[in-house]
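These notes are about the structure you will find just below.
Only this structure's heavy atoms are used, side chains among them; waters, hydrogens and symmetry mates stay out.
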Amino acid sequence: MSQPKEIFVKTHRCVGCLSCTIACAVEHSKSKTLFGAISETPVPKSRVYVQWVEPDGKVPLVCRHCEDAPCMYACISGAISRDENGVVITDTDKCIGCWTCVMVCPYGVIGRHLEEHKAYRCDRCPDREIPACVSACPTGALVYDTVDSFSAKVRNHVSRELLRAERG
Amino acid sequence: MYPGSCFGRKGDNVTEEKSKYIIVGASAAGMAAAHTIRLHDRQGSVTVLSEEPDTPYFRPLIPFVVSGKKRAEDMVLSGCGPYTGRDIFVRTEARVESVNTAEKTVSVQGSGVLAYEKILFATGSRPYIPPEIKGTDTKGVFALRTLAHARNMAKRVKTSDHAVMLGGGLLNLKAAFALLERGLKVTLVVYSPEVLSQLMEPEDAFLIRKAMDTAGLKIKTGCAATHIISEHTGVTGVALDHGGEMSCRMVCIGKGVRPNVEFLNGTNVWIDGGIVTDRYTACSAPDAFAAGDVAVTFKPGSGDRIMTALWTNAVEMGRCAGRNMAGVKTAYSGTLGILNATQVAEEPFVSMGVVHTKDRDFEVYRHATDTTYRKVVFNPQGTRLMGAVFIGDITNAGLYRYVIRGKMPVMHIKRYIMDHTLHYGHVMTGKM
Ligand SMILES: Cc1cc2nc3c(=O)[nH]c(=O)nc-3n(C[C@H](O)[C@H](O)[C@H](O)COP(=O)(O)OP(=O)(O)OC[C@H]3O[C@@H](n4cnc5c(N)ncnc54)[C@H](O)[C@@H]3O)c2cc1C
Ligand code: SF4
Ligand code: SF4
């Protein structure tokens with residue numbers, strides 16, 4: 001079986017343009033268009049967050065669909081499960097909005113839909129080949145790849161940089 | 001029905017049967033253990049025994065049966081979330097009366113003796129009914145713990161107009177809101193100066209109190225019930241310690257829980273309040289383990305003994321026990337005694353770690369706005385985060401929990417903690 005792909009973040013590439021958050025909200029809107037999305041109520045929510053770190057760091061954060069997903073084991077209603085692609089999903093019908101998952105996820109990537117009183121998170125865009133945030137990122141800060149392939153590339157990249165540094 | 005499940009009931013003959021793994025208790029801890037065993041041992045027979053008539057369910061959801069918002073079928077555990085293991089045999093109405101730890105057998109009420117190689121005690125807890133309240137044994141007096149209780153409560157609602165709730169803890173609040181939703185008048189009688197005294201101090205609770213008042217809950221603090229007044233149709237009122245009386249057709253007692261350990265009377269299993277466990281969730285008898293509300297465990301770091309009454313802890317500990325039972329030696333990391341998230345009326349809140357600071361030597365920082373409140377508790381030196389209460393805004397609560405539990409040094413991130421602006425980006429960029 002081929003390894004499932006994941007969303008990786010290259011922090012140093014993020015310029016904080018928020019394209020990913022807009023694309024995510026649009027993808028999770030009813031109309032799936034920017035124009036339609038902004039006039040919908042409740043306002044469609046992004047599931048990716050760009051955090052700011054002093055003095056000028058920007059860090060995109062999104063659910064990692066953790067191997068040992070603490071949120072899934074903590075959920076008191078059985079609303080969180082893992083699908084056959086390894087994606088950790090929140091079943092909105094089952095969710096009772098107790099926020100236990102928010103209390104255990106260290107990454108802070110579970111949103112609280114206040115109007116609906118439900119938790120929401122990244123669903124890896126089931127209708128798309130490549131998640132909307134990754135497609136929208138203009139700088140390549142978000143990468144959709146398998147663990148092996150991504151780490152190989154990062155290793156190559158790092159070793160190239162080391163090589164360059166060595167050569168001066 | 002979920003294809004991986006198999007269920008049996010009372011009267012199924014178990015004489016001279018043997019199961020490699022026996023789990024007593026089919027709730028958070030027991031079912032988490034059963035499914036974990038399956039991940040590591042595909043062959044060994046796993047039998048889960050429960051005295052309840054219902055197949056396993058998500059216990060924290062039972063208030064929704066009272067409010068009518070969910071049906072029992074919507075709370076079934078098997079097949080949901082992480083509970084998808086196969087070939088786990090659950091026997092309902094199977095009360096374990098006694099255990100012979102030398103012969104390694106359990107005696108099941110009405111259906112004989114069952115032998116085990118490894119056993120888990122996950123019998124949880126039951127509501128504590130204070131003996132000083134007289135006359136509790138009458139129709140219409142409840143202590144909400146099981147699906148069966150919830151069904152009975154839902155029935156009683158039809159003949160009630162006023163419910164009196166004794167105790168201001170979280171479970172009773174949940175029951176109170178369920179009854180409010182059914183249109184009853186609901187009065188909470190709380191002995192402490194404020195509601196939720198286990199989870200926060202009185203001055204921390206004002207936003208929650210406000211939300212409860214707005215929702216229409218009546219609250220009497222600093223007073224206790226002395227006895228339940230009743231006639232042949234059941235409860236008709238409650239007498240209070242300061243002399244007053246309240247008429248009502250329904251009473252719900254929420255005065256904490258006590259572990260179910262009686263079935264171990266006469267065994268050599270070490271009981272001190274609950275079943276005492278070691279770092280590997282084992283108890284003092286051979287090949288026997290304990291997890292969940294019934295177990296005495298420890299706090300991370302200090303190692304102080306505690307008992308908790310939390311679904312999340314029960315699952316975590318049950319998973320750890322399951323690994324150990326299947327031969328994958330795994331140390332339990334311990335747990336915070338307070339680790340609660342919920343929403344009361346329109347107010348979300350999280351309470352974790354050390355939150356009671358009155359007359360104790362901690363560095364405490366509080367911040368209140370019209371809609372939010374937070375209290376963060378540091379050690380006396382101010383170098384480590386010990387606990388936190390967030391009300392109204394619970395953003396990133398999980399990261400704070402991580403910092404508390406990991407006893408991380410916080411000097412360089414303390415400002416973010418106090419401002420409630422800490423996020424995982426600080427970790428990723430090496431600020432933490
Ligand atoms: C209304 C309500 C709301 C709650 N909300 C929350 C919440 O929001 N968050 C949270 O963390 N926790 C919550 N809790 C607490 C949580 O439900 C418990 O901590 C959790 O269920 C403990 O799990 P356990 O497996 O240890 O035992 P229990 O759930 O108590 O289950 C014990 C099991 O043992 C069986 N049993 C007992 N004695 C015997 C015997 N002698 N023989 C055979 N079987 C036996 C019972 O049938 C049952 O299957 C709530 C509880 C209630 C009642
Ligand atoms: S919500 Fe958080 S804990 Fe759960 S899988 Fe995603 S990153 Fe992991
Ligand atoms: S908020 Fe919803 S998904 Fe999260 S733990 Fe509670 S019920 Fe489960």
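Both the backbone and the side chain of B:I394 come within contact range of chain A, with heavy atoms under 4.5 Å apart. For B:L310, no part lies near chain A; criterion is any non-hydrogen pair under 4.5 Å. For A:A74, the parts sitting under 4.5 Å from any heavy atom of chain B are the backbone and the side chain alike.
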At a 3.5 Å cut-off, give me the donor-acceptor pairs between chain B and chain A, one pair per line with the distance.
| residue | atom | partner | partner atom | Å |
| --- | --- | --- | --- | --- |
| B:R319 | NH2 | A:D68 | OD1 | 2.7 |
| B:T342 | N | A:C98 | O | 3.4 |
| B:Q343 | OE1 | A:W99 | NE1 | 2.7 |
| B:G398 | N | A:V102 | O | 3.1 |
| B:R415 | NH2 | A:E54 | OE2 | 3.2 |
| B:Y416 | OH | A:E54 | OE2 | 2.9 |
| B:H423 | NE2 | A:W52 | O | 2.9 |
| B:K431 | NZ | A:E54 | O | 2.9 |

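Nearest approach of A:G78 to B:C80, heavy atoms of both residues: O-CB, 3.9 Å.
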Walk me through whether B:F58 and A:I76 qualify under side-chain contact (heavy atoms from CB on, under 4.5 Å). CA-CA 6 Å; B:F58 288 95; A:I76 61 168; 5.7 Å; no
